[in-house]
There are 4 protein chains.
Amino acid sequence: MQANKKEQIRETAIRVFAARGFHYSTTDRIAEEAGVSVGTIYNYFRNKEAILEYIFQVELEKRQQFFASLEGDQRPVRQLLTDFLRMHFQAILDHPDVGQILIRERHFPQLETLDFVVQFIQGVPQTIAALLEKAVAGKQIRPCQTAVVAAALFGAVEGVVREAMLRSDHAERDAILRRAPEELVTLFFQGLEP
Amino acid sequence: MQANKKEQIRETAIRVFAARGFHYSTTDRIAEEAGVSVGTIYNYFRNKEAILEYIFQVELEKRQQFFASLEGDQRPVRQLLTDFLRMHFQAILDHPDVGQILIRERHFPQLETLDFVVQFIQGVPQTIAALLEKAVAGKQIRPCQTAVVAAALFGAVEGVVREAMLRSDHAERDAILRRAPEELVTLFFQGLEP
Amino acid sequence: MQANKKEQIRETAIRVFAARGFHYSTTDRIAEEAGVSVGTIYNYFRNKEAILEYIFQVELEKRQQFFASLEGDQRPVRQLLTDFLRMHFQAILDHPDVGQILIRERHFPQLETLDFVVQFIQGVPQTIAALLEKAVAGKQIRPCQTAVVAAALFGAVEGVVREAMLRSDHAERDAILRRAPEELVTLFFQGLEP
Amino acid sequence: MQANKKEQIRETAIRVFAARGFHYSTTDRIAEEAGVSVGTIYNYFRNKEAILEYIFQVELEKRQQFFASLEGDQRPVRQLLTDFLRMHFQAILDHPDVGQILIRERHFPQLETLDFVVQFIQGVPQTIAALLEKAVAGKQIRPCQTAVVAAALFGAVEGVVREAMLRSDHAERDAILRRAPEELVTLFFQGLEP
DNA sequence: AATGAATGAGCTTTCATTCAT
DNA sequence: TATGAATGAAAGCTCATTCAT
């Protein structure tokens with residue numbers, strides 16, 4: 001029941017933050033929509049910011065678990081990267097609200113100093129950079145500043161998500177998100193051909 | 001003197017917003033740092049948001065002027081795009097605070113509905129998309145969803161800027177930003193080769 | 001077991017109130033330190049104030065029992081008063097936390113209306129006044145406003161306790177408290193010599 | 001006008017704190033009774049506690065100024081002390097609410113650490129102790145632990161004020177306060193006769 | 001045009017108390 | 001009897017905005 005309630009608050013907060021933005025969302029509103037009292041929120045979260053932190057934390061852990069499951073995977077780097085992007089875009093397809101928040105509130109000043117947010121923002125590109133490193137070593141791609149290219153890829157992913165989110169036509173939006181992994185991997189791997 | 005004061009407030013606000021984020025910046029603070037009284041701010045701006053709007057407006061106009069100056073330029077698309085990215089990265093090198101705000105406050109809910117912010121956020125990628133369109137027509141690159149690719153490029157630019165900003169070594173940071181226009185154009189044009 | 005638990009809560013509350021002050025002590029904290037749940041507190045006490053009331057009640061009863069034991073004691077008033085002050089100072093030496101609370105929370109608005117607190121705050125001086133009355137009748141001291149003098153003596157006791165508590169050197173502190181009963185009685189009886 | 005408003009808030013707060021106690025007084029209530037808005041309070045005071053601090057500060061400064069004016073006064077110590085007590089009791093006669101607060105909120109945990117409160121609670125007795133020291137040197141009183149006696153006198157003063165404040169009959173109350181200085185000085189000086 | 005004291009709606013947060021288990 | 005999650009009234013405080021000077 002406990003974990004349930006925290007989860008219930010998290011999910012409601014995602015909806016509310018996505019609709020209004022963190023700073024225009026009130027704890028009263030979250031409580032009301034979650035069907036609990038304000039006090040209950042504070043039984044599970046230190047303060048309002050902690051809710052946002054938790055949302056990020058959950059998402060980060062999903063990505064990390066995925067990376068962990070890739071350990072020892074012998075398929076070509078291109079394949080692994082495609083898989084990761086598929087997972088990422090699929091997560092956003094499943095919960096567009098989370099995507100909205102991840103993009104919108106990422107630059108939230110207090111968040112930027114939090115360990116797991118730093119890990120998310122730096123950690124994910126670092127893992128991508130490590131994959132690119134392997135691809136360079138395997139001569140699948142030409143030598144390059146892998147950290148910079150990884151950052152570019154990470155940014156490109158964000159840009160495509162943003163572009164997709166702007167579409168009011170849901171079918172169109174989903175189409176972009178669904179095709180994105182292959183297109184981006186193709187674009188980057190062809191762009192990096194030796 | 002008038003225009004001067006509005007400019008003075010805009011510049012101070014850039015500094016304050018960049019340091020703290022829009023929502024954690026107070027009008028009192030801006031007034032104090034600008035050496036004017038709060039009341040004066042309201043003689044030049046409808047409200048606090050209007051200051052942010054104005055900051056975006058000024059930046060947007062700079063980009064638009066650059067695009068206007070490109071009108072009729074007959075050089076290859078690749079050349080034009082490189083020039084634009086050079087200008088953009090140079091602007092960020094010159095005023096990192098503005099870059100910070102453009103990235104951070106872009107997703108500000110009330111801003112997203114404002115015409116010239118929409119123009120900035122959509123307009124810049126749209127211009128890039130238009131250039132890509134021309135390149136496709138000229139068979140310099142393969143057919144693609146130009147809007148999505150433009151968004152990816154725009155995002156990649158942002159990602160590289162962010163990566164550069166993380167470096168504590170200034171020389172290294174500047175080196176990345178200086179090389180970035182060519183590298184990104186090369187990456188994308190090779191990636192889009194027919 | 002019952003009486004035990006109530007006692008356990010009372011003792012913990014004394015520690016907590018003394019350390020933080022009544023208003024900055026939470027029921028959660030008391031429960032935690034007492035090793036019971038908040039709910040349990042409310043099985044023994046009507047509300048938070050009732051805990052404070054009970055603390056006062058227990059202390060008052062101790063004083064009253066002492067007075068009762070003095071009934072019929074034929075020794076000179078000066079002797080009786082000295083004994084009472086000895087008992088009082090000893091009680092504070094034994095439980096400085098209780099002394100702290102008795103002094104600090106005495107002026108608590110809701111407490112001031114409670115019968116047994118009124119009895120404590122007025123009752124102790126009244127008993128002193130009664131003893132002084134007897135001394136006046138016996139011509140051991142000159143006629144005076146006994147209520148006012150009793151209040152002065154009661155206040156003086158408090159002042160000396162406070163002064164003693166300020167000393168960081170424990171030996172010094174204890175020395176003051178040990179000598180205090182005689183010194184105060186001497187001071188006041190000499191001051192009231194006929 | 002500025003100083004006026006701070007003064008206006010201070011005076012209202014004295015009335016409100018005296019009637020209800022600090023912890024049961026709300027900033028809204030003070031604002032309402034002072035005829036200003038809550039925001040205005042916070043233009044003059046850091047927070048609610050700062051109002052209480054200021055009340056203490058003003059009273060302490062009055063006492064200190066009085067002591068300063070005594071510098072170089074050649075009259076006998078007994079006379080000086082009587083004068084000081086007269087001033088003190090007169091101040092309480094003039095503003096019984098202040099007296100109430102001085103006694104009730106003195107033990108307020110956050111106040112106890114403030115420099116000027118420490119100065120008040122320790123400083124006033126120290127000045128008294130210094131006067132007693134002079135009286136001992138001049139053989140007007142017998143040798144004694146002047147610090148302890150000063151604490152006792154300070155406490156006795158408080159006790160008498162408290163006793164007076166308990167009287168519902170104002171005439172009676174004022175009578176006690178008016179007679180107190182002479183009575184206490186007589187009591188103590190006779191009690192300390194060599 | 002410039003000022004800055006005054007405003008008060010509105011927010012986050014706390015915590016004594018309850019009650020279903 | 002004991003529990004402790006849930007409650008929600010109530011409080012302190014902030015800060016964008018106004019307007020008399």
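So you know, we letter chains A, B, ... as the sequences are listed, proteins then strands, and number each from 1. Basis for what follows: all heavy atoms, side chains included, without hydrogens, waters or symmetry-related copies.
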Excluding sequence neighbours, so at least two apart, what forms side-chain contact (heavy atoms from CB on, under 4.5 Å) with His107(D)?
-> Ile103(C), Arg104(C), Arg162(C), Glu112(D)
Tell me, which of residues 16-42 of chain D have any heavy atom that sits under 4.0 Å from an atom in DNA chain E?
-> Val36(D), Ser37(D), Gly39(D), Thr40(D)
Between atom CD in Gln8(A) and atom P in dA6(F), what is the gap in whole Å?
-> 9 Å
Which residues satisfy the ring pair (Phe, Tyr, Trp, His ring centres under 6.0 Å) test with His95(C), sequence neighbours excluded?
-> none
Below 4.0 Å: OP1/OP2 of dA6(F) and any side-chain N or O of Lys5(A) = yes
Using the test ring pair (Phe, Tyr, Trp, His ring centres under 6.0 Å), find all partners of Phe56(A) that sit at least two apart in sequence or belong to another chain.
-> none
Can you say whether the rings of His23(A) and His23(B) are parallel (under 30°), tilted (30 to 60°) or perpendicular (over 60°)?
-> parallel
Round to the nearest Å and state the distance from Tyr44(A) atom OH to dG4(F) atom C1'.
-> 10 Å
Check side-chain contact (heavy atoms from CB on, under 4.5 Å) between Ala34(C) and all other residues, then give those that pass, not counting sequence neighbours.
-> Thr12(C), Val36(C)
Contacts of Glu11(C) meeting side-chain contact (heavy atoms from CB on, under 4.5 Å) (sequence neighbours excluded), chain-then-number -> Glu7(C)
Whole-Å gap separating C1' (dA5(E)) and CD1 (Ile9(D)) = 11 Å
Write down the distance between CZ (Phe45(A)) and P (dA5(F)), rounded to a whole number of angstrom.
-> 15 Å
In whole angstroms, the gap separating C1' of dT14(E) from NZ of Lys48(A) amounts to 17 Å
Who pairs with Glu59(B) by side-chain hydrogen bond (donor to acceptor under 3.5 Å, both in side chains), at least two apart in sequence or on another chain?
-> Lys62(B), Arg63(B)
Consider the side chain of Asn43(D), meaning its heavy atoms from C-beta on, and name the nucleotide among dT12(E), dA6(E), dA2(F) that approaches it most closely.
-> dA6(E)
Quick one: stems for DNA chain E, with Watson-Crick or G-U pairs under 3.5 Å, at least three in a row?
-> E:2-21 with F:2-21
Only counting residues at least two apart or in another chain, list the ones meeting side-chain contact (heavy atoms from CB on, under 4.5 Å) with Leu60(D).
-> Gln64(D), Phe116(D), Gln119(D), Phe120(D)
